[in-house]
Amino acid sequence: KPIRAKLHGLSFCVAEGQASYARVDDSAECGSKQGALDLRDYRVPLAEFKAFLESENAKKYCHDSKVGYAVLARRGIALKGVEFDTMLAAYLIDSTRGSYDIADIAFERLSLELPGFVTNNGGAPAADARQSASGHIERVCAECEAIYKLKPILDTKLKEDGLDWLYYNVELPLARVLAEMELTGVAVDVEQLEALSTTLTVDIKETERRIYEMAGEEFNIGSPKQLQRILFEKLGLTAAKKTKTGFSTSAAVLEEMAADYPIVSEILNWRELTKIKSTYADALPKLINPETGRIHTSLNQTATATGRLSSSDPNLQNIPIRTELGRQIRKAFIASGDNVLVSADYSQIELRVLAHFTNDENLVRAFENDEDIHTATACVIFNCSPEDVTPEMRRRAKTINFAVIYGMADFTLGRELGISTHEARDYINMYFTKFPGVKKYTEEIVETARELGFVTTMFGRRRYLPDIHSTKHAVRMFAERAAINTPIQGTAADLMKIGMLKVYDLLKGTNAKMLLQVHDELLFECPPSEVNRVAELAREGMGGAHQMRVPLKVDVKAGKNWAEMESVA
DNA sequence: GAGATCACGCACG
DNA sequence: CACGTACGTGATCAGA
């Protein structure tokens, strides 16, 4: 949480065995204790380091440079010259490792047990070295020396694995962009969220009353266990699906029953209301930074197996949009002052990536002609012209397109479309006959995963898939779907990151700020007078991320809030 | 019994 | 809840 992190000190290592620490924290608790002279209590004014930290020529190696950018920026220092970030290197080398803690990486690559290193063979984590003030300096110096030693090792590995381009041109410079986005934050309308919360409290109470009446007793609706008892034991409804511990009460299951049982549709309604209230309406106002009046998410650069970013504390990548109630939350994300929000999103980026990979004639032609891809898919599958495609046909084609991206190796597709597995199988065979390039791709990528043990994106990002050799069918199938999906999702993520860097540079000289990234969308804030310029630059940067076999289309919208936006030509 | 952890459910792309 | 995430709630758990 870099926005809340405080700068305590700086540690430097210029040669092996020569790490030092300078305390720059000027908070009260730092006075010396027993009165004994201790250099560790000596504080250095941060200003002494400003020129060095801001020098492009003074090259630095860091672990988690994003935190460095953010923490120093808040103290008026624009960190420059970051030439290596061991955390980002470790992420590109293996995106699936659980931890990117410097102590863990040092243990694995240097066989070095840093102070505070927690072995995984039992025992409570030693609270001593991590927390105590005396252990702090030793620990930080040891970490700093580890960075120094790790740099050449990780650098060599990046080059060996063909990850150096992505590293030096994308991940490393992106850290700074993400730090700025986190520091900028996004404005929210607290009053609106509080008003919504109040309304929801009343609606939830009324819904609960109706549910208890139908159930004949009061119970905790939020407890899956108690809900199972009421629905499937007391009321005797037929259970459709099981979980490990009992009968499923998931939305998918309940929706099947909702038409027949009023209590079930009330429960679904209750779930939506409580979800919106607890996850958004009540949670978001608590996360407004009192100093900026805005919400500052963390944009995590080393969290996903595919190369996407993730967002946490709070997650601003899952703000509701699909239901009317959900959009009330989204409406509370606003532009500050006279500004407006501008949203630029890639149109169908994953299917465009699929078109690029497969070079499939039907897919490429549809995108070259800027056709509606789901309608175009329906035309091909059902062998008809666009005007003959009914909404139902388009819906089915859309489902199939999703299934392809997710790696439809095993077919839950039938259930999804409400048809038999046999019929679903026919659909898939039909699809693969009409899109032979896609069939070839899925077969080849799974074979590649088996041979190499990993798959890669267009830019060489890797994901290891050890489960591809599992003897357990379900486990192996999961790995096969991941083998199909990861290059697609991961390449889209690469393109977006490249696009972000281009747009970031293009926006210099405007008053626009990049606020958020939501996988295929970038959100900006700017004065109304700059909307057209920003739209143009977003199109240029995102659309020009990389030359592909099909064009990258970017749609731009603008408005006073994140829910009500009008298209910008 | 506070706090960690798991299961479940569900918000988004 | 197909692929990828984050997170809120409820349930469960241990050792002195």
Side-chain angles (χ1 to χ4, degrees), chain A residues 95-96 124-125 219-228 241-255 267-268 270-284 286-287 297-300 302-323 325-327 329-330 345-351 353-354 399-417 424 428 442 455 463 465 474 477-493 496 516-522 562:
Chain A
S95 63
T96 58
F219 65 102
N220 187 342
I221 307 165
S223 160
K225 208 177 155 192
Q226 292 187 42
L227 187 59
Q228 283 167 42
K241 210 177 125 203
K242 277 192 243 171
T243 63
K244 282 172 205 159
T245 51
F247 297 114
S248 171
T249 65
S250 70
V253 171
L254 296 191
E255 264 155 27
I267 287 162
L268 285 167
W270 182 90
R271 285 233 181 110
E272 187 189 1
L273 301 178
T274 52
K275 175 86 173 179
I276 297 288
K277 182 173 186 295
S278 69
T279 309
Y280 304 103
D282 292 344
L284 291 172
K286 293 178 191 161
L287 291 156
T297 187
S298 291
L299 293 165
N300 314 307
T302 60
T304 71
T306 56
R308 276 186 177 184
L309 301 178
S310 83
S311 162
S312 60
D313 311 295
N315 181 357
L316 295 186
Q317 290 180 325
N318 73 345
I319 298 305
I321 191 169
R322 293 170 192 175
T323 68
L325 177 62
R327 282 192 288 276
I329 297 291
R330 191 165 278 243
D345 72 286
Y346 280 119
S347 164
Q348 300 294 352
I349 188 155
E350 294 193 347
L351 286 170
V353 168
L354 182 69
T399 304
I400 291 171
N401 276 332
F402 271 105
V404 173
I405 290 169
Y406 294 151
M408 57 175 169
D410 214 7
F411 311 113
T412 31
L413 180 68
R415 184 174 51 77
E416 200 67 28
L417 285 174
I428 287 154
T442 56
V455 292
R463 178 179 181 177
L465 294 162
M477 285 301 165
F478 192 91
E480 288 183 6
R481 291 197 295 275
I484 294 165
N485 175 262
T486 297
I488 301 168
Q489 187 183 120
T491 299
M496 173 54 108
L516 294 174
Q517 186 250 49
V518 191
H519 311 308
D520 63 358
E521 171 188 14
L522 284 181
W562 203 6

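Proteins come first, then strands; the chains are lettered A, B, ... in the order of their sequence lines, and each starts at number 1. What's counted below: heavy atoms across the whole structure, side chains too, no hydrogens, waters or symmetry copies.
Salt bridge annotation for A:R308-A:E350: present, with a cationic side-chain nitrogen under 4.0 angstrom from a carboxylate oxygen.
Using a 4.0 Å heavy-atom criterion, one finds that A:I329 contacts no nucleic acid atom at all. Within the nucleic acid shown, A:I405 has no heavy atom closer than 4.0 Å to any nucleic acid atom. A:R322 comes within 4.0 angstrom of a nucleotide base, judged by non-hydrogen atoms across all strands. Looking at heavy-atom distances under 4.0 Å, A:A251 makes contact with sugar-phosphate atoms alone, never a base. Within the 4.0 angstrom heavy-atom criterion, only backbone atoms of the sugar-phosphate kind lie near A:K241; the bases stay farther away. Across all strands shown, A:T323 has no heavy atoms under 4.0 Å from either base or sugar-phosphate atoms.
When the C1' atom of C:dA2 is taken as reference, atom CD1 of A:I428 falls 11 Å away, rounded to whole Å. Residue A:L522 contributes atom CG, which lies 13 Å from atom C1' of B:dG13 at whole-angstrom precision. Across the protein-nucleic acid pair, A:I488 atom CD1 and C:dA2 atom P stand 16 Å apart, rounded to whole Å. The distance from atom CD of A:Q228 to atom C1' of B:dA7 is 11 Å, rounded to the nearest whole Å. Note: CD1 (A:I321) to P (B:dA11) measures 14 Å, nearest angstrom. Spacing between atom CG of A:L516 and atom P of B:dC12 amounts to 16 Å, rounded to whole angstrom units. Atom CD of A:E521 and atom C1' of B:dC12 are 11 Å apart (whole Å). For A:M496 and B:dG13, the CE to C1' distance is 10 Å, given to the nearest whole Å.
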Is there a side-chain contact (heavy atoms from CB on, under 4.5 Å) between A:Q489 and A:T304 once you walk through the steps? CA-CA 11 Å; A:Q489 187 183 120; A:T304 71; 5.9 Å; no
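Atom P of C:dA2 sits at a distance of 15 Å from the matching atom of C:dA6, rounded to the whole Å.
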Which letter, B, S or -, goes with each nucleotide of nucleotides 4-10 of chain C from 5' to 3', with contact meaning a protein heavy atom under 4.0 Å? BSSSSSS
Please, what dot-bracket string fits DNA chain C when only Watson-Crick and G-U pairs with both distances under 3.5 Å count, crossing ones use [ ] and pairs to another strand use |? ..|||.|||||||...
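Rounding to the nearest 0.5 Å gives a distance of 8.5 Å between CD1 of A:I267 and OG1 of A:T249. The distance from atom NZ of A:K275 to atom CD1 of A:I329, rounded to the nearest 0.5 Å, is 12.0 Å. Of the inter-residue distances, the one linking A:L465 atom CG with A:F478 atom CZ reads 10.0 Å to the nearest 0.5 angstrom. The distance from the CG atom of A:N318 to the OG atom of A:S312 is 11.0 Å, given to the nearest 0.5 Å. We find the CD1-OG1 distance between A:I319 and A:T279 to be 9.5 Å, quoted to the nearest 0.5 Å.
The only option from A:T297, A:L299, A:L287 that meets the side-chain contact (heavy atoms from CB on, under 4.5 Å) definition with A:L316 turns out to be A:T297.
When all heavy atoms of A:A482 and A:P487 are compared, the closest pair comes out as O-CD, 4.2 Å. Summarising the geometry of A:R327 relative to A:I321, their closest heavy-atom pair is NH1-O, 2.8 Å, with the distance given to 0.1 Å.
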